[in-house]
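None of these values were measured; they are calculated from a predicted model.
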Amino acid sequence: MRNIWIITKREYARYFTSPAAYLVAFLYLLVLGIIFYANVAASAMNAFMRPYAPGIDIIINPITTLLVFITPALTMHLLAAEQRNGTLELLLTAPIRDWELIIGKWLGSFLFVTTLTLITLVYPVTLNFLVKPGIDWGPVISGYLGLILMGAAFTALGTAISAMFNNQIAAFVASLAFFLLLWIIGFPAHGLGGSEIWQYLDFSNHFYNTLAVGIIDTRDIIYYLSVTAFGIFAGSIIVETRRWR
Amino acid sequence: MIDVQNLTKTYGPRLAIDNLTFHANKGEILGFLGPNGAGKTTTMRILTGYMPPTSGTARIAGYDVVDDSLEVRKRVGYLPETVPLYPDMTVIDYLIFMGKLRRTPNVEDRAWEVLERVGMAERAGSFIGSLSKGMRQRVGLAQAIIHKPEVLILDEPTIGLDPTQVVEVRELVKEIGKEHTVILSTHILAEAQQLCDRVLIINQGKIVAEDTPQALQLRLQGGRRIIVEVRGDKIDALEKRLSGLPGVRGVGTISQGRLEILVEENEELRPLIARTVLENGYDLLEMRLAEMSLEDIFLQLVGEESETEQEQEESPAESEAPSNTPADEADEKASEEG
């Protein structure tokens, strides 16, 4: 545990000294702010014609999309940069186990992504003031639970993919491609026989119709936790096999 | 302290190290000497628990590097060839981070202590990215000794440094070697000669020789060489005369007018040679005793002399010239400073 925490603290702190991480965080919050503003403004202008209050989906759905794009940028360096730097040799000859290293790295990035996600809570709070009689907090709680779980799964996969590359850009592109695949994989399978497995793997099937609208289903939670576990396991195996080369 | 038996490592079809067996005692500085690609780094990586061997065993302080890898890693300090540093960290933060990973007690005090030791305390707050190569090397060394390891493994610790820095790092290694067992790889022979208690010469994954630097010299010398430079006609005739002298084993030509005379170990033949040269009407321009350097031994052992004998005969002679290698220059500088 102690080893994991040492790595995690270092990894989390690194985001706050890295200009790239600030840039990613800035763009994430900026884009989200613009979308939020546009949605609120649109419903305010339409208020006379078709009065409706914007729901929490105008915040949660864009965050999902943004997570697909920012997580690769925040996990790409985790192990790829260590390899490029030669510092991986140092970590792998320190008295820590490979899985402790991977969990430490994952936890650091997961905590940072979670931090960013929690900052976006300002939008539901703002929205609560804008609409009458306030928003339904149920979907906010389940939606943010889903976003945090999704962040855990994405960062775990990103960590594993970063372990495969010496080059951060390659790790970024590979992670992004993999996340996009996971996002849509259930869709082409619609209406085909034997498509359940692909539908199950598709993370959008575990979010938009359940957690995002206030339904907390253990099957969805298990899905995200198993993807996270898979990422950590795969990452540890990848680091381990690097030793044998 | 370090016990290696029949260690072998292959990368696919390529044999990186082949059946290495050696040991190192406590408090000893053991040098790995060999050309690039000889298998020095591979051996070190196995000893540090970075990669497992294909076959054979290595034990450090009684722990197997594969089975008890974590115990081994606790006891080993390692400085890889490319110094592993985080440019975005400050020197002190980096040392504390590494110290914590290696479970150093009182890590902050200890970090300052090693910084003092490597002479970097005044740069503790600097970002590593802004340090010069020599300073980075010292931070790398500090990182390797922070947890007071029983064994210190240094892969080419002086590579890429300027002569003053080379001297500084060597001094540091020497000092550290008083309390730790040190394994050090280098391809600079003077460095091995100067620092190591014992040298392993490795070539193409095999140990070709193992002994103290002095003993290696003695063993392979088997006689002394005298280099003379003369001026005059018909040097062939002089060569014949010289080879007829008692105690002379052979005479060879290095270049026009320069002769190499091999003589018996314990006879002082220089006055006789000088007289012979002068009495036969030649001018004596230079005469000196050439001891075989580790460089010559190395070349002999590695067996490259077979290609062009002329070239090889010349190179030992040249290597005797003072301050012809950066390392020698560094040594001289050190003695001047000292």
**OP:** Check whether any side-chain heavy atom of A/E89 sits under 4.5 Å from a side-chain heavy atom of B/Y78, and report yes or no.
**Re:**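 Yes, their side chains come closer than 4.5 Å.
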Original post:
How about A/E82 and B/Y86: do any of their side-chain heavy atoms sit closer than 4.5 Å?
Top reply: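 Yes - at least one pair of side-chain heavy atoms lies under 4.5 Å apart.
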Near [X] [atom1], under 6.0 Å, is it more than 12 heavy atoms from other residues, nucleotides or ligands?
X      : atom1 : result
B/E108 : CD    : no
A/Y37  : OH    : no
B/K206 : NZ    : no
B/Q204 : CD    : no
B/K148 : NZ    : no

Original post:
Is the backbone N or O of A/T93 less than 3.5 Å from a side-chain atom of B/R73, with the two atoms forming a donor-acceptor pair by type?
Top reply: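 Not at all, since once roles are kept as given, no pair shorter than 3.5 Å links the two residues.
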**OP:** Report yes or no: does A/R2 contribute a side-chain atom to a donor-acceptor pair with the main-chain N or O of B/R103 at less than 3.5 Å?
**Re:**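 A pair under 3.5 Å: no.
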**OP:** Identify which part of B/Y94 has an atom lying under 4.5 Å from any heavy atom of chain A, answering side chain, backbone, both or neither.
**Re:**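 Just its side chain gets close to chain A.
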Subject >> Under 4.5 Å from a heavy atom of chain A, the part of B/L79 involved >> reply: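 It is neither, since no heavy atom gets under 4.5 Å.
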Nearest 0.5 Å please: distance from the [atom1] atom of [X] over to the [atom2] atom of [Y].
X      : Y      : atom1 : atom2 : result
B/F127 : A/T17  : CZ    : OG1   : 7.0 Å
B/M89  : A/T87  : CE    : OG1   : 10.5 Å
B/S69  : A/R243 : OG    : CZ    : 6.0 Å
B/R102 : A/N3   : CZ    : CG    : 12.0 Å

Subject >> When B/P52, B/G77, B/P80 are compared by non-hydrogen pairs under 4.5 Å with chain A, the top option >> reply: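 Result: the option with the highest number of such pairs is B/P52.
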**OP:** Please name the pair of heavy atoms, one in B/P84 and one in A/G86, separated by the smallest distance, quoted to 0.1 Å.
**Re:**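 Minimum heavy-atom separation between B/P84 and A/G86: CB-O, 3.5 Å.
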Original post:
Going by an N to O cut-off under 4.0 Å, is there a salt bridge joining A/R10 and B/D88?
Top reply: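 Counted as a salt bridge, because a side-chain N and a carboxylate O are separated by less than 4.0 Å.
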Subject >> Results of side-chain contact (heavy atoms from CB on, under 4.5 Å) for B/T41 - residues two or more places apart only >> reply: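 Once residues adjacent in sequence are excluded, the partners of B/T41 under the side-chain contact (heavy atoms from CB on, under 4.5 Å) criterion are B/R45, B/E81, B/D155.
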Subject >> chain B interface, residue from A/N85, A/L90, A/L92, A/I96 that has the most non-hydrogen pairs under 4.5 Å >> reply: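 Most heavy-atom pairs within the cutoff with chain B belong to A/L90.
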